[in-house]
Amino acid sequence: MSELRDCTDPATWWPHLDEATRALAGGGLAVIPTDTVYGIAADAFTPAAVSRLLAAKGRGRNMPPPVLIGDVRTMDGLATDVPAAARALAEKFWPGPLTLILSAQPSLVWDLGETEGTVALRVPDHEFALALLRRTGPLAVSSANKSGRAAARTAAAARAQLGGSVRVYLDGGPVSGGVPSTIVDASTGVLRIVREGALSVAELAAVAPELAAGDQDSAAAGEPAPPEPEAPAVLAVSEPPPDLIGAPAEQDEPA
């Protein structure tokens, strides 16, 4: 079984970053710490790697994985028609536990699964994860667990579930968060909370008042409720921009 690589000391990160970068570039999978839960990562631009990620979790293409990016500035390279309120949320809560589902740039070619033209973006608030993203570019990252089981808060817990399907386990110690990111769908131009996670409705509404609980209830009253997604998706392009990520209508758990 793949060894746990101790990444708790920033002074010793570099060989582990090198190994993870090589593994991901070769189409392998890596388990990485984030600010919420541990994630299982694949190169977002390698369809076979994304397929391996889904297979490791026991998921199909109808539940594409999210992608983590390294910088808020990447958003405009990956998404189009970003509502002003969504941009304000990103500027306030990135890096952090907020996943935004947006309309993907039509010029980008994704192969994350059934994304339906959307892209899910998040910048994690975790120095090791950001250091890796600076080397690799965008990574398809889902919570490091088998489908239907609890998300891992330690690398050892992730390895107990995922075993040899993952080439590299990067052990950054127990994650401090343990609560998944909050997901906001802004792909229609009207913001909607898909899942409340580490960020509360009140915190989001302080920046985007339309997300206040009463406003959400009023908006939902006049139309049929869409299926509740579990999380966002990813993408793959022939010439990837500096950083990116994707997402669908039905989604996997984001890390």
Joint hydrophobic cluster, [X] plus [Y], side-chain heavy atoms closer than 4.5 Å:
X: Leu98; Y: Leu78; answer: yes
X: Leu121; Y: Val72; answer: yes
X: Phe93; Y: Leu130; answer: yes
X: Phe128; Y: Val37; answer: no

Which atoms form the tightest heavy-atom contact between [X] and [Y], and what is the distance?
X: Leu100; Y: Ala86; result: CD1-O, 3.6 Å
X: Val31; Y: Ala158; result: CG1-CB, 3.9 Å
X: Gly197; Y: Thr182; result: N-OG1, 2.7 Å
X: Ala104; Y: Thr80; result: O-CG2, 3.6 Å
X: Ala85; Y: Glu210; result: CB-OE1, 3.6 Å
X: Ile40; Y: Ala56; result: CD1-CB, 3.9 Å

Looking only at atom types and distance, does a side-chain atom of [X] sit under 3.5 Å from a main-chain N or O of [Y], one as donor and one as acceptor?
X: Gln161; Y: Ala152; value: no
X: Lys57; Y: Asn145; value: yes
X: Thr154; Y: Ala157; value: yes
X: Ser2; Y: Val166; value: yes
X: Thr8; Y: Gly172; value: no
X: Trp13; Y: Cys7; value: yes
X: Gln105; Y: Ala79; value: yes
X: His16; Y: Leu170; value: no

### Pair Ile101-Ile183, side chain to side chain contact (heavy atoms under 4.5 Å, CB included): steps then yes or no
CA-CA 7 Å; Ile101 301 175; Ile183 307 169; 3.7 Å; yes

[X] side chain near [Y] side chain, heavy-atom distance below 4.5 Å:
X: Ser142; Y: Pro66; result: yes
X: Ile193; Y: Val201; result: yes
X: Thr136; Y: Asp43; result: no
X: Arg167; Y: Leu29; result: no
X: Leu204; Y: Leu89; result: yes
X: Leu162; Y: Tyr169; result: yes

### Query
Among Asp171, Ile32, Val141, which residue meets the side chain to side chain contact (heavy atoms under 4.5 Å, CB included) test with Tyr38?
Asp171

## Note on the structure
Checking Ile69, Leu133, Leu132 against Pro124 for side chain to side chain contact (heavy atoms under 4.5 Å, CB included), the one that qualifies is Leu133

### Task
Determine, step by step, whether Phe45 and Val50 satisfy the side chain to side chain contact (heavy atoms under 4.5 Å, CB included) criterion, reporting the C-alpha distance in whole Å, the side-chain angles of both residues, the deciding distance to 0.1 Å, and the verdict.
CA-CA 8 Å; Phe45 306 111; Val50 175; over 6 Å; no

### Salt bridge present between Asp35 and Arg122 (N-O < 4.0 angstrom)
yes

### Task
I would like to know whether Asp18 and Arg135 meet salt bridge (Lys or Arg N to Asp or Glu O under 4.0 Å); could you show each step before the answer?
CA-CA 9 Å; Asp18 288 344; Arg135 290 187 173 212; 2.2 Å; yes

### Message
As an exercise, state the distance from OG of Ser103 to CD of Glu116, rounded to the nearest 0.5 Å.
### Response
12.0 Å

#### Entry: Distance in Å, Glu19 CD paired with Arg22 CZ, rounded so as to fall on 0.5 Å steps
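Here the interatomic distance stands at 5.0 Å.
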
### Task
Not counting sequence neighbours, which residues clear salt bridge (charged side-chain N to carboxylate O under 4.0 Å, His left out) with Arg52? List them please.
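Counting only residues at least two positions away or on another chain, Arg52 forms no salt bridge (charged side-chain N to carboxylate O under 4.0 Å, His left out).
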
### Neighbour count above 12 (heavy atom, 6.0 Å) for Arg61 CZ
yes

### Query
Are Ser181 and Thr36 linked by a side-chain donor-acceptor pair shorter than 3.5 Å?
no

